[in-house]
There are 2 protein chains.
Amino acid sequence: MTETRVPVPTLERLAIYLRVLLDAHESGIQTLSSQEMEQHSGISAAQFRKDLSYFGEFGKPGVGYSVQGLIACIERILRLDEEQPILLVGAGNIGSALVGYPNFRAHRLRIAAVFDNNFVKIGRPFGDLIIEDIARIREVNAQIGARLGIIAVPAHAAQEVADALVDAGVTGILNFAPTILRTPPHVHVRNVSFLQELAVLSYHAVEDALCVNGQARRGGDDGV
Amino acid sequence: MTETRVPVPTLERLAIYLRVLLDAHESGIQTLSSQEMEQHSGISAAQFRKDLSYFGEFGKPGVGYSVQGLIACIERILRLDEEQPILLVGAGNIGSALVGYPNFRAHRLRIAAVFDNNFVKIGRPFGDLIIEDIARIREVNAQIGARLGIIAVPAHAAQEVADALVDAGVTGILNFAPTILRTPPHVHVRNVSFLQELAVLSYHAVEDALCVNGQARRGGDDGV
DNA sequence: GCGAGATTGTGAACAAGTTCACAAACGCGC
DNA sequence: GCGCGTTTGTGAACTTGTTCACAATCTCGC
């Protein structure tokens with residue numbers, strides 16, 4: 001357990017382990033070996049052990065891992081041991097899917113407020129919440145103290161929203177808009193791009209995709 | 001341009017480049033250097049050139065890349081040069097957000113059919129489409145010939161849907177359900193997990209997250 | 001208490017992906 | 001046409017992440 005920086009892929013997998021553990025707990029399983037984790041998560045036993053080793057020693061040789069104990073530890077690591085409020089910006093289709101997403105609760109993630117800039121929407125109910133004016137985001141978050149924000153607005157408005165979120169004190173942004181966000185170095189951004197995911201799948205769906213060599217070589221530009 | 005297998009990260013970035021290029025094209029820009037791409041995409045110029053080198057040579061030394069030409073090439077590589085039909089399964093919140101997602105069109109991705117198993121929903125309109133019975137998916141895709149599918153159903157139903165999609169001829173699956181899918185080797189799966197993304201952000205939002213060493217060590221399990 | 005069997009934690013070997021740096025290619029002005 | 005400034009394409013160095021393999025640790029039955 002050297003005091004290195006934790007690789008991001010490790011953090012991503014931590015969330016997967018947590019899900020498996022919660023399932024196991026639900027099924028009344030008390031103990032889990034790294035071998036069994038491999039079966040349930042698709043992630044190799046060695047990888048699982050290595051990932052945990054960044055944070056300490058959680059298992060018992062010859063036995064495995066206490067399901068309850070490890071759940072608690074991973075939750076603590078990921079700061080999911082107490083409720084994490086989240087600011088959602090954008091009361092459109094994606095925002096709607098998010099407030100209705102049932103799986104947040106098990107991870108103690110809660111959308112604590114919804115914002116939009118559309119005057120028609122402001123004041124209307126949205127799930128359990130009332131849509132608030134994006135202009136009031138700083139003021140509202142002074143109460144809530146959320147560190148996480150979600151951007152679910154069209155691309156052209158995303159940067160502006162990101163600035164507002166940062167101004168309101170958010171340090172982690174989940175961005176659904178297909179744009180690169182410019183943020184201060186202390187703010188972490190993760191992008192969710194359906195297009196990107198589908199593009200990768202599209203490539204693989206037709207294996208032999210190969211652009212013929214020297215395509216765009218001749219002449220200024222070849223029209224399509 | 002050695003005939004190596006293309007790294008997945010490269011494919012992911014290709015979609016980003018494409019977006020930047022489409023924006024540039026919209027702005028009437030004819031030519032783009034790797035340097036400028038770095039500015040607009042946040043991906044290093046060297047990385048951009050290396051990525052393209054897997055597929056051929058598309059730039060002109062001393063000049064840069066033809067925007068139009070490169071768009072065409074990347075679209076061809078990603079099989080987005082002709083319309084890609086997609087089967088969507090799950091007419092819930094997420095499905096609803098997807099059929100309403102405006103950015104698909106620019107990438108020639110089109111949700112060609114929607115399926116659900118809820119008898120109340122089947123037959124109802126959903127965006128431009130009518131919700132169909134999941135039982136008919138094979139039959140319907142015999143017409144459509146889609147190779148891509150999206151799973152937007154609760155976790156407990158996801159595996160069953162995956163099997164149905166594979167049976168219907170799909171070879172690429174975008175999975176929104178928080179589960180590991182078991183699929184034949186020729187089928188590619190990509191998972192979109194809001195929880196995972198937020199968990200990573202949650203960790204970073206409170207930098208000093210460190211589970212104390214030797215936590216779950218003593219005794220069978222320590223209750224939470 | 002002790003040996004057998006299981007499983008962890010981790011340094012070391014390996015693999016994959018990124019960055020560097022530079023020769024080769026190109027356009028432009030004269 | 002020739003030299004200059006620019007930009008590409010790519011092998012080589014480097015960095016990051018994964019897999020391996022094994023000593024150390026633990027349980028359990030007798």
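Naming convention: chains lettered A, B, ... in sequence-line order (proteins, then strands); numbering from 1 in each chain.
Side-chain proximity of A:Pro9 to the nucleotides D:dC26, D:dG17, C:dG9 is greatest for D:dG17. Closest to the side chain of A:Ser53, from the set C:dG9, C:dT8, D:dT10, is C:dG9.
We find that CD of B:Glu36 is positioned 8 Å from P of D:dT7, with the value rounded to whole Å. Across the protein-nucleic acid pair, A:Leu52 atom CG and C:dT7 atom C1' stand 13 Å apart, rounded to whole Å. Distance A:Leu70 CG to C:dT7 C1': 15 Å, rounded to the nearest Å. Rounded to a whole Å, the CD atom of A:Glu38 is 11 Å from the C1' atom of D:dT19. The separation between B:Tyr54 atom OH and C:dA16 atom P is 11 Å, rounded to whole Å. Residue B:Gln35 contributes atom CD, which lies 14 Å from atom C1' of C:dA21 at whole-angstrom precision. Following rounding to the nearest Å, B:Phe55 (CZ) and D:dT10 (C1') show an atom-to-atom distance of 16 Å. With rounding to whole Å, B:Glu57 atom CD is found 10 Å from C:dA25 atom P.
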Q.
The test is side-chain hydrogen bond (donor to acceptor under 3.5 Å, both in side chains); show your working for B:Thr171 and B:Arg147 and say whether it passes.
A. CA-CA 5 Å; B:Thr171 56; B:Arg147 273 191 282 259; 5.2 Å; no

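Taking the six-membered ring where tryptophan is involved, the planes of A:Phe104 and B:Phe194 are tilted, since the angle between them lies from 30° to 60°.
Each of A:Val63 and A:Asp51 lies near DNA chain C, and the nucleotide nearest A:Val63 is the one positioned closer to the 5' end.
In this structure the side chain of A:Gln84 never reaches within 4.5 angstrom of the side chain of A:Arg108, judged on heavy atoms. Contact annotation: the side chain of B:Ile151 approaches that of B:Leu181 to within less than 4.5 Å [non-hydrogen atoms, C-beta and beyond].
One finds a side-chain N or O of A:Tyr65 lying less than 4.0 angstrom from the OP1 or OP2 phosphate oxygen of C:dG9. In this model, the phosphate group of C:dT8 is approached by a side-chain N or O of A:Ser34 to a distance below 4.0 Å at OP1 or OP2. The phosphate of D:dG17 (OP1 or OP2) has no side-chain N or O of A:Arg13 nearer than 4.0 angstrom.
Applying the side-chain hydrogen bond (donor to acceptor under 3.5 Å, both in side chains) test to pairs two or more places apart or on separate chains, those with a residue in residues 158-168 of chain B are B:Arg138-B:Asp167, B:Gln159-B:Asp163.
In this structure, A:Tyr65 has its ring center under 6.0 Å from that of A:Phe48.
Just one residue in the list A:Asn175, A:Leu98, A:Leu87 forms a side-chain contact (heavy atoms from CB on, under 4.5 Å) with A:Ile150, and that residue is A:Leu98.
Near DNA chain D, meaning a heavy atom under 4.0 Å from it, residues 40-50 of chain B has B:Arg49, B:Lys50 in order of number.
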